[in-house]
Amino acid sequence: MSAIVDELRKVAAGLLKSGAVKVVIGYENEAAPRPVFLENAEDAEKLVWNDRCFHNLARYLNTTEGKAAIVAKGCDVRAVAGLIREGQVKREDVVIIGVDCAAQTESGEKLGKCLVCDCHRPEIYDHLVEDENALVEPQTDPYGDVSEIEAKPVEERLGYWLGLMERCIRCYACRQVCPLCYCKECVAEQSLPKWLPRSPDGKGNLFFHVMRAHHLAGRCVDCGECERVCPVDIPIRTINRKLIRDISELYGYKAGVELDVVPPLTTFKPDDPEDAFR
Amino acid sequence: MDRKLTKKELLKLVEGLLSDFEVWAPAGNEKVYSFSRIEKPEEISLGYRNTVTSPKNVFFPSGETVYRLMEGRPATGEASEKPKLILGIRPCDARAFLMLDKVFGGDIEDTLYTSKRNKSLLVGIACNEPSSTCFCTSVGGGPFSTDGLDVLMVDLGDGSYLLRGLNGRGNEIISKCGSEADKASLDKAESLDRAAKEKMEISFKPPDSLESSEEYWKKKAMACMDCGICAFVCPTCHCFDLVDEGGCKKRIWDTCTFPLFTIMTSGENPREERRDRIRNRVYHKFSWFRQVHGEIACVGCGRCIASCPAGIDITELVNGNNK
């Protein structure tokens with residue numbers, strides 16, 4: 001057993017034993033890790049850690065009862081920070097067990113988000129499980145594919161996205177795994193008024209995905225869960241990253257990195273340079 | 001009737017079928033591999049394991065028009081002129097259609113479904129290599145099951161295929177192609193069948209009735225995120241909702257795992273808790289469907305296990321019952 005798993009189990013057992021938390025949200029099942037919710041210190045032995053711990057467990061902070069500890073990678077921690085910043089979770093109600101993470105891999109290949117990762121070590125944590133080997137530099141241009149699509153003429157771009165969106169079966173897994181998609185009632189399901197069609201077709205599906213991306217503008221932390229779970233392989237991250245880049249260029253802001261910086265799209269200035277906002 | 005065909009003869013057979021049938025077959029790349037309408041024989045790829053989504057969309061699309069509000073005439077009249085043929089369907093998926101037939105073709109016929117399903121032909125392909133998530137043998141099926149099929153194809157591994165006609169219509173389409181199958185081919189198919197069964201990694205016996213506590217389902221449901229992947233990739237899940245969109249009454253896939261599935265106009269929701277929704281899905285398949293139709297509404301295709309974003313395994317949910 002690796003020193004990392006050993007350390008994880010020790011921290012988890014300690015938190016449960018002392019009663020500091022009611023539940024530890026981590027990963028179980030070495031061969032194919034999946035979320036596990038531990039309530040007893042003896043169960044800490046179930047915890048695992050490897051390069052297939054994909055799930056962003058921040059998704060469960062809203063649905064577990066009582067104070068929770070969460071095993072979190074750098075990208076997951078940014079989502080936790082987002083939830084705290086947006087008042088969904090109180091900082092004092094969550095214990096962050098941050099884990100240094102080099103990359104998550106699928107069939108031996110690093111996930112796209114891991115190639116551009118700039119948070120191998122979580123920025124916010126209560127306990128840090130260190131792994132010096134994990135601290136590597138980003139490997140590719142984070143927005144290469146976004147620029148590539150942007151360079152295409154509008155018609156071609158629309159055709160590209162409509163072609164992909166035809167496949168969407170509206171299982172809403174992208175929305176359901178998203179830690180920041182916590183609305184009790186999604187616009188996609190509102191019926192009075194009805195904002196977008198529920199029957200799946202290219203245009204309606206595109207409407208849904210673009211709507212979702214806009215609601216995540218300045219909030220998406222690029223944990224990539226939406227794209228990972230999509231059963232029909234729609235590159236959802238590309239839409240989100242277009243907006244991440246826009247927010248970065250316009251406001252110099254990156255979601256989930258700091259707790260005390262006000263997100264640009266949640267604030268207002270009387271001397272806003274845009275007429276529309278005055 | 002058993003015929004042996006080379007790959008080339010098989011493509012030629014498909015070419016012939018294209019003029020008489022609307023042919024659907026597995027196509028696409030490894031990641032997005034699904035049943036699609038085929039125009040040319042080369043589009044078909046039979047090499048992959050199970051498709052990500054099931055072929056139920058051929059007769060039960062994710063969205064379809066029931067009637068046009070303005071014109072007031074039923075949309076079923078638009079069903080394609082040619083009968084549908086699904087080529088390369090796996091035995092588990094073919095069995096699933098027998099279950100959907102009971103639901104949509106019962107006392108009250110669902111003509112949207114039956115107009116597409118009637119006269120359809122299913123040409124299956126046996127599973128020489130089951131996936132790690134497959135468990136058809138635990139729920140009454142098998143990698144070489146012929147239930148619901150008109151023809152079963154077996155990839156003999158040497159570039160040739162054994163085609164077994166299973167009824168008059170099946171025999172009719174294969175009678176003129178290839179050559180009569182020799183004993184060696186038949187023996188080979190039999191040994192492939194045995195080998196495939198042995199490769200099956202999951203094996204269990206579903207209990208006759210399910211009984212477990214609220215606490216059990218609460219625990220099991222914790223990781224569920226209320227998405228619809230399991231039901232939407234499932235070949236037997238058949239629930240739908242009706243919506244008014246674009247001047248049409250449409251029906252769209254729906255699922256009991258969605259919190260809104262049971263919500264009423266008053267705001268009352270009898271299955272508000274996640275534990276009740278997960279329990280409903282498992283009980284419907286493994287208990288209630290059996291009570292009504294005499295069999296389990298699960299064919300062991302393993303898609304829900306493979307696609308669940310939270311790693312939930314339906315065989316574990318069933319096996320943990322009654323304890």
Side-chain angles (χ1 to χ4, degrees), chain A residues 23 25 27-29 31-39 52 54-57 59-60 62-65 106-107 164 166-179 181 184-186 188-191 194 196-201 203-205 225-226 228-235, chain B residues 28-34 36 51-53 57 61-66 132-133 218-233 240-246 248-255 257-260 263 265 274 303-313 316:
Chain A
V23 59
I25 314 170
Y27 303 94
E28 67 168 0
N29 198 19
R34 59 185 182 185
V36 68
F37 305 85
L38 307 173
E39 291 181 357
R52 292 181 55 78
F54 304 120
H55 318 75
N56 184 342
L57 303 175
R59 164 65 178 76
Y60 295 110
N62 274 329
T63 55
T64 43
E65 292 162 17
E106 184 110 64
S107 318
L164 289 167
E166 290 283 344
R167 299 178 193 160
C168 175
I169 52 173
R170 296 284 192 102
C171 66
Y172 298 111
C174 49
R175 181 187 71 189
Q176 295 308 115
V177 296
C178 178
C181 259
K184 290 260 186 297
E185 189 184 6
C186 178
E189 274 135 7
Q190 281 179 343
S191 53
K194 189 170 200 161
L196 62 140
R198 281 174 63 208
S199 53
D201 69 37
K203 278 187 182 167
N205 298 342
E225 279 290 271
C226 48
R228 174 185 72 87
V229 304
C230 179
V232 292
D233 206 34
I234 297 172
Chain B
N29 60 48
E30 193 160 5
K31 275 188 166 168
V32 198
Y33 180 53
S34 62
S36 316
T51 48
V52 176
T53 49
N57 64 312
S62 56
E64 68 183 315
T65 302
V66 181
S132 61
T133 46
K218 193 176 170 190
K219 273 216 165 79
K220 289 290 176 191
M222 277 179 107
C224 175
M225 295 181 277
D226 309 328
C227 78
I229 286 189
C230 52
F232 286 8
V233 300
F240 58 83
D241 195 4
L242 290 167
V243 293
D244 295 309
E245 278 169 11
C248 297
K249 180 70 85 182
K250 290 186 176 172
R251 84 161 165 199
I252 58 174
W253 288 350
D254 203 352
T255 163
T257 57
F258 285 160
L260 295 184
I263 202 160
T265 321
R274 185 167 296 117
R303 287 188 179 92
C304 56
I305 305 175
S307 286
C308 177
I312 295 173
D313 180 337
E316 279 182 30

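Chain A is the first sequence line, chain B the second, and so forth, proteins listed ahead of strands; every chain is numbered from 1.
Taking the six-membered ring where the residue is Trp, A:Tyr60 and A:Phe37 present perpendicular rings, their angle passing 60° and hence far from 30°.
Taking a cutoff of 4.0 Å between a charged side-chain nitrogen and a carboxylate oxygen, A:Arg34 and B:Glu316 qualify as a salt bridge.
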*Would B:Val243 and A:Lys194 count as a side chain to side chain contact (heavy atoms under 4.5 Å, CB included) if you check the C-alpha gap in whole Å, the side-chain angles of each, and the deciding distance to 0.1 Å?*
CA-CA 11 Å; B:Val243 293; A:Lys194 189 170 200 161; 3.9 Å; yes
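Of the atoms belonging to A:Arg175, not a single heavy atom falls under 4.5 Å from chain B. Of the atoms belonging to A:Glu65, it is side-chain heavy atoms, and not backbone ones, that fall under 4.5 Å from chain B. Neither the backbone nor the side chain of A:Ala32 comes within contact range of chain B, judged by heavy atoms closer than 4.5 Å. The parts of A:Arg198 that come within reach of chain B are both its backbone and its side chain, each placing non-hydrogen atoms under 4.5 angstrom from that chain. In this structure, chain A has no heavy atom under 4.5 Å from any part of B:Asn57. Looking at B:Leu260, only its side chain comes within 4.5 Å of chain A, counting heavy atoms on both sides. Residue B:Arg274 touches chain A through its side chain alone, counting heavy-atom pairs closer than 4.5 Å.
Between the B:Arg303 side chain and the B:Thr51 main chain, a donor and an acceptor come within less than 3.5 Å of each other. The closest donor-acceptor contact from the side chain of A:His55 to the backbone of B:Ala310 lies at 3.5 Å or more, if one exists at all. Put simply, the side chain of B:Glu245 gets close to the backbone of A:Ser199: a donor and an acceptor are under 3.5 Å apart. Checked by atom type and distance alone, the side chain of B:Trp253 pairs as donor or acceptor with a backbone atom of B:Pro61 at under 3.5 Å.
Side-chain contact check for B:Ile252 versus A:Pro200: some heavy-atom pair is nearer than 4.5 Å.
Interface remark: of the candidates B:Ser62, B:Pro259, B:Ser307, B:Ser62 forms the most heavy-atom pairs closer than 4.5 Å to chain A. The most heavy-atom pairs under 4.5 Å with chain A, out of B:Glu64, B:Met225, B:Arg251, come from B:Met225. Options B:Gly311, B:Ala223, B:Cys308 differ in how many heavy-atom pairs under 4.5 Å they form with chain A, and the most are formed by B:Ala223. Put simply, of B:Ser34, B:Gly228, B:Gly63, the one with the most heavy-atom pairs under 4.5 Å next to chain A is B:Gly228.
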